[in-house]
Amino acid sequence: QVQLVESGGGLVQAGGSLRLSCAASGRTFSSYVMGWFRQAPGKEREFVAAISWSGGSTYYADSMKGRFTISRDNAKNTVYLQIDTLKPEDTAVYYCAAEDPQRTSYSFTSYNRWGSWGQGTQVTVSS
């Protein structure tokens, strides 16, 4: 398994931007599909985006297209989530996840796809 640590969250005003980072340990980071989820208060954790091992392919939940950008730097063992034009409804704990290579038959939106999770970083957007 890979260990994941998110950072970059905080309190921002609506309309602002944030870039979340997820640092991974382990020499095999570059072989993992990586993803971001978020969980708002009182709601289930939902899929935001995923990125292929090379960074050449990205996938977004339909509701996340346009303001969210996932990227990765394999040399730094880090995956990023850029969030632009933040809205109060983006308030949530954001989690990064590493794919379980044994579970690629599951969709990106399924928790079963993901084998390792970070502890999350809080994003709060004020109106």
Side-chain angles (χ1 to χ4, degrees):
Q1 284 192 340
V2 61
Q3 283 71 51
L4 306 170
V5 179
E6 300 95 334
S7 62
L11 174 63
V12 295
Q13 288 189 330
S17 298
L18 275 178
R19 189 175 79 156
L20 308 182
S21 299
C22 173
S25 64
R27 292 175 292 179
T28 59
F29 170 79
S30 61
S31 66
Y32 287 95
V33 171
M34 298 295 296
W36 284 94
F37 283 70
R38 71 180 186 182
Q39 187 166 18
K43 295 187 177 181
E44 290 190 354
R45 194 172 300 187
E46 64 175 340
F47 172 74
V48 175
I51 188 166
S52 64
W53 65 270
S54 68
S57 297
T58 56
Y59 314 88
Y60 296 91
D62 287 342
S63 60
M64 310 295 175
K65 292 178 181 178
R67 297 189 299 115
F68 294 79
T69 304
I70 189 171
S71 61
R72 68 191 296 165
D73 185 340
N74 287 341
K76 296 182 178 180
N77 278 14
T78 302
V79 62
Y80 304 98
L81 184 69
Q82 176 76 30
I83 315 173
D84 297 317
T85 319
L86 280 155
K87 303 176 180 181
E89 51 263 43
D90 294 322
T91 295
V93 178
Y94 285 73
Y95 299 90
C96 73
E99 178 186 63
D100 185 334
Q102 307 299 320
R103 301 179 182 177
T104 58
S105 61
Y106 292 94
S107 72
F108 289 129
T109 62
S110 170
Y111 302 152
N112 291 326
R113 180 78 179 246
W114 308 94
S116 300
W117 295 85
Q119 84 290 346
T121 186
Q122 176 71 48
V123 172
T124 303
V125 184
S126 63
S127 57

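By the 4.5 Å heavy-atom criterion applied to side chains, Y32 and S116 are not counted as neighbours. Side-chain contact between F37 and W117 is present, with at least one heavy-atom pair separated by less than 4.5 Å. In this structure, M34 and F29 have side chains that are in contact, with non-hydrogen atoms separated by less than 4.5 Å. By the 4.5 Å heavy-atom criterion applied to side chains, Q39 and E46 are not counted as neighbours. In this structure, W114 and V33 have side chains that are in contact, with non-hydrogen atoms separated by less than 4.5 Å. For the pair V79/W36, a side-chain contact is recorded, criterion being any heavy-atom separation below 4.5 Å from C-beta on. Residues Y80 and L20 are not in side-chain contact: their nearest non-hydrogen atoms beyond the backbone lie 4.5 Å or more apart. Side-chain contact between I70 and Y59: absent, with no pair of heavy atoms (C-beta onward) separated by less than 4.5 Å.
Other residues, nucleotides and ligands contribute more than 12 heavy atoms inside 6.0 Å of the CD atom of Q119. No more than 12 heavy-atom neighbours from other residues, nucleotides or ligands sit within 6.0 angstrom of OH on Y106.
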Does D84 form a side-chain contact (heavy atoms from CB on, under 4.5 Å) with F68? I'd like the steps, not just the answer. CA-CA 7 Å; D84 297 317; F68 294 79; over 6 Å; no
Taking it one step at a time, do R38 and V93 satisfy side-chain contact (heavy atoms from CB on, under 4.5 Å)? CA-CA 5 Å; R38 71 180 186 182; V93 178; over 6 Å; no
The test is side chain to side chain donor-acceptor pair (under 3.5 Å); show your working for T121 and E6 and say whether it passes. CA-CA 6 Å; T121 186; E6 300 95 334; over 6 Å; no
Candidate pair V48 and Y60, rule side-chain contact (heavy atoms from CB on, under 4.5 Å), full reasoning: CA-CA 6 Å; V48 175; Y60 296 91; 5.6 Å; no
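Between N112 atom CG and S105 atom OG the span is 9.0 Å, to the nearest 0.5 Å. Between atom CD1 of residue I51 and atom CD of residue E99 there is a gap of 13.0 Å, rounded to the nearest 0.5 Å. Atom CG of residue L86 and atom OG of residue S126 lie 10.0 Å apart, to the nearest 0.5 angstrom. To the nearest 0.5 Å, the span separating CG on D100 from CZ on R113 amounts to 9.5 Å.
Formation of a donor-acceptor pair under 3.5 Å by the N74 side chain with backbone atoms of W53 is found in this model. In this structure, the side chain of S110 does not engage the main chain of S107 through any donor-acceptor pair within 3.5 Å. Under a 3.5 Å cut-off, the side chain of R72 and the backbone N or O of S52 do form a donor-acceptor pair. Not a single donor-acceptor pair under 3.5 Å links the side chain of Q122 to the backbone N or O of G10.
By the 6.0 Å and 45° rule, R45 stacks over the aromatic ring of Y95.
A donor atom on one side chain and an acceptor atom on the other are not found under 3.5 Å apart for D73 and T78. Between the side chains of Q82 and T69, no donor-acceptor pair is found at a separation under 3.5 Å.
Across S17 and T85, no two heavy atoms sit closer than the pair OG-N, 4.1 Å. Pairing each heavy atom of A14 with each of P88, the nearest pair is CB-CD, 4.2 Å.
Both L18 and M64 are members of a single hydrophobic cluster when ILVMFWY side chains are connected at heavy-atom separations under 4.5 Å.
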